[in-house]
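Heads up: the structure comes next, in structure tokens.
Each chain gets a letter, A, B and so on, in the order the sequences are listed, and its residues count up from 1.
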Protein chains: 2
Amino acid sequence: MPRVGLNQQTVVREAARLADEVGYRQLTLAALASRLGVALPSLYKHVRGADALDQKLSALATAELATEMTTAAVGRAGGDALRAMADAYRGYAHRHPGRYPATQRVPDPADPEHVAAGERAVGAIFAVLRGYGLTDDDAVDATRALRSALHGFVSLEAAGGFGLPRDVDRSYHQLVAGMDVAFRSWPRPRGTVDQADQQ
Amino acid sequence: MPRVGLNQQTVVREAARLADEVGYRQLTLAALASRLGVALPSLYKHVRGADALDQKLSALATAELATEMTTAAVGRAGGDALRAMADAYRGYAHRHPGRYPATQRVPDPADPEHVAAGERAVGAIFAVLRGYGLTDDDAVDATRALRSALHGFVSLEAAGGFGLPRDVDRSYHQLVAGMDVAFRSWPRPRGTVDQADQQ
DNA sequence: GCTTTAAAGCTAGCCATATTAGCCAACGTT
DNA sequence: AACGTTGGCTAATATGGCTAGCTTTAAAGC
């Protein structure tokens with residue numbers, strides 16, 4: 001029995017590829033093992049189990065997504081940065097339909113790389129929102145709002161939730177434009193007034 | 001062997017209760033059968049299988065959610081209606097954490113009640129948006145945007161995706177306020193100008 | 001170059017879940 | 001009272017995940 005020469009990285013990467021092909025929920029240890037030319041229990045030499053694989057896949061996908069979001073926003077500001085980042089977000093979900101759902105898993109505190117990836121992703125959004133003059137609590141609220149809008153749209157789209165013939169790309173751009181409008185005059189419950197209000 | 005006296009409705013309703021208790025993904029035919037005091041295969045006399053149960057649960061939950069959304073918006077208009085409906089939406093997800101995910105399943109064309117429930121839910125949103133002067137394509141885009149925002153927030157919240165200490169209720173209200181702002185000046189890509197712009 | 005040893009692979013076997021087939025008893029109808 | 005429908009059952013199969021424990025590879029050390 002010649003060795004295949006796997007390691008954790010190989011296994012997780014192949015899992016990512018497989019998930020994109022067959023779908024996140026169809027990603028199974030059995031399918032992954034057969035894809036890697038190995039018996040199922042052999043995977044346990046590299047991954048603790050199905051849940052651990054899931055977590056590692058999440059770390060991988062989150063890191064990739066964070067990088068693409070960051071790259072998209074670089075050198076841009078305001079609505080420009082917002083649109084670029086939003087397009088990158090949805091683009092990633094389209095190109096990696098199996099990896100994308102994994103990005104929604106909460107980072108494992110025991111996995112520093114996972115935590116770092118999550119922070120990079122949120123940090124990218126934070127940076128864009130700073131361009132709207134949003135900081136502190138406002139930025140937290142706005143970040144949650146943007147994540148909600150983008151994730152909600154992408155996941156409804158993936159689920160086939162948009163039945164009407166109306167162009168989905170256009171709806172997405174409208175959503176992003178709407179968020180842009182909202183961020184320009186983001187409600188400030190405590191009566192805060194900052195630079196962004198004056199412009 | 002005395003008969004328990006089940007029927008499809010009993011089974012689906014108990015599934016909904018069980019899902020709320022143990023979580024949507026932990027809803028299993030085995031658990032449901034034992035809850036109903038019946039052997040697992042007996043469920044097949046009332047439901048075609050796990051997927052069919054899921055679909056029926058979706059129909060039930062969607063109908064409930066649609067009713068609550070509609071009720072909340074009745075007698076209100078504009079931002080008032082929007083806030084009431086948004087609160088009803090999130091409230092339902094909180095009170096029924098196991099049913100809520102089922103509402104995201106696309107209605108089964110073969111189940112008229114399911115389809116009708118989905119239409120009622122979307123119709124409720126449509127009605128609220130009419131209060132903003134949004135119709136036709138604009139209303140389709142705005143409906144998708146609102147569904148995305150509400151679903152995204154609720155699902156991120158349920159997944160534990162909001163780690164920071166910042167109050168989640170407040171963030172939600174900010175999101176809804178942001179959508180209100182967006183709908184008031186909803187972008188019109190084709191240069192359309194209607195009544196709502198004049199006010 | 002030979003020995004040693006960590007680890008990468010294997011087989012076998014278990015549990016949970018879903019599903020189908022086919023049997024039997026309860027109960028409503030006649 | 002007989003009958004047929006139907007709601008329950010047991011048994012058996014398939015898939016997925018997991019553990020235990022064995023074997024062999026291949027790298028490290030002498």
Side-chain angles (χ1 to χ4, degrees), chain A residues 1-61 97-99 101-102 105 108 110-111, chain B residues 1-61 97-99 101-102 105 108 110-111:
Chain A
M1 39 191 105
R3 294 202 176 176
V4 179
L6 301 179
N7 56 42
Q8 191 177 74
Q9 210 178 49
T10 328
V11 170
V12 174
R13 290 212 181 131
E14 194 60 37
R17 260 179 247 125
L18 182 56
D20 283 340
E21 288 177 28
V22 304
Y24 181 67
R25 291 181 50 197
Q26 281 70 46
L27 173 61
T28 167
L29 290 186
L32 180 58
S34 102
R35 164 76 79 102
L36 289 168
V38 127
L40 192 152
S42 305
L43 294 178
Y44 283 79
K45 296 291 172 169
H46 308 288
V47 185
R48 282 177 177 279
D51 190 67
L53 175 65
D54 205 61
Q55 182 266 311
K56 289 296 180 189
L57 178 59
S58 174
L60 171 70
R99 285 143 137 113
R105 183 180 171 123
D108 177 2
D111 181 349
Chain B
M1 39 192 104
R3 296 201 176 179
V4 180
L6 302 179
N7 56 41
Q8 190 176 76
Q9 210 177 49
T10 328
V11 170
V12 174
R13 290 213 180 132
E14 194 59 37
R17 260 178 248 127
L18 181 57
D20 282 342
E21 289 176 27
V22 303
Y24 181 66
R25 292 180 49 197
Q26 281 70 47
L27 173 61
T28 167
L29 290 185
L32 180 58
S34 103
R35 165 75 80 101
L36 288 167
V38 127
L40 193 154
S42 304
L43 295 178
Y44 284 78
K45 296 289 174 167
H46 309 288
V47 183
R48 283 177 176 281
D51 190 66
L53 175 64
D54 204 62
Q55 182 266 311
K56 289 295 181 191
L57 178 59
S58 175
L60 172 69
R99 286 144 137 111
R105 184 181 169 121
D108 177 2
D111 181 350

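For the pair Leu36(A) CG and dG9(C) P, the interatomic distance rounds to 9 Å; values are reported in whole Å. Here the C1' atom of nucleotide dC14(C) and the CG atom of Leu40(A) are 14 Å apart, to the nearest Å. Look at OH on Tyr44(A): it is 16 Å from C1' on dA8(C), rounded to the nearest Å. Nucleotide dT17(C) holds its P atom 18 Å from the CG atom of Asp51(B), rounded to whole Å. dG8(D) atom P lies 12 Å from atom CG of Leu32(B), rounded to whole Å. The CG atom of Leu43(B) sits 13 Å away from the P atom of dT20(C) (whole-angstrom rounding). Between the CZ atom of Arg25(A) and the P atom of dA18(C) there is a distance of 12 Å, given to the nearest Å. For the pair Leu29(A) CG and dT19(D) P, the interatomic distance rounds to 11 Å; values are reported in whole Å.
Across all their heavy atoms, Val4(A) and Leu36(A) have their closest contact at CG1-O, 3.8 Å. Between Leu29(A) and Leu43(A), the closest heavy-atom pair is O-CD1, 3.4 Å.
The side chain of Leu6(A) lies closest to dG9(C), out of dC18(D), dG9(C), dT25(D). The side chain of Val4(A) sits closest to dG9(C) out of dG9(C), dG17(D), dG8(D). Of all nucleotides listed (dA7(C), dC9(D), dA12(C)), dC9(D) comes nearest to the side chain of Ala39(B). Set against dG17(D), dG8(D), dT24(D), the side chain of Arg3(A) has dT24(D) as its closest nucleotide. Closest to the side chain of Ala30(A), out of dG17(D), dG9(C), dG7(D), is dG17(D). Of the candidate nucleotides dA25(C), dC23(C), dC10(C), dC23(C) has the atom lying nearest to any side-chain atom of Lys45(B). With dG9(C), dG17(D), dT19(C) as the candidates, the nucleotide lying closest to the side chain of Thr28(A) is dG17(D).
The shortest distance between the side-chain N/O atoms of His46(A) and the OP1/OP2 oxygens of dG9(C) is below 4.0 Å. Phosphate proximity of dA8(C) to Ser42(A): absent, as no side-chain N or O sits under 4.0 Å from OP1 or OP2.
Residue Arg35(B) places its CZ atom among more than 12 non-hydrogen atoms of other residues, nucleotides or ligands, all under 6.0 Å distant. For Gln9(B), the CD atom is loosely surrounded, since the number of other residues' heavy atoms within 6.0 Å does not exceed 12.
Partner Leu32(A) forms a side chain to side chain contact (heavy atoms under 4.5 Å, CB included) with one of Val22(A), Leu40(A), Val47(A), Leu18(A) and no other, that one being Leu18(A).
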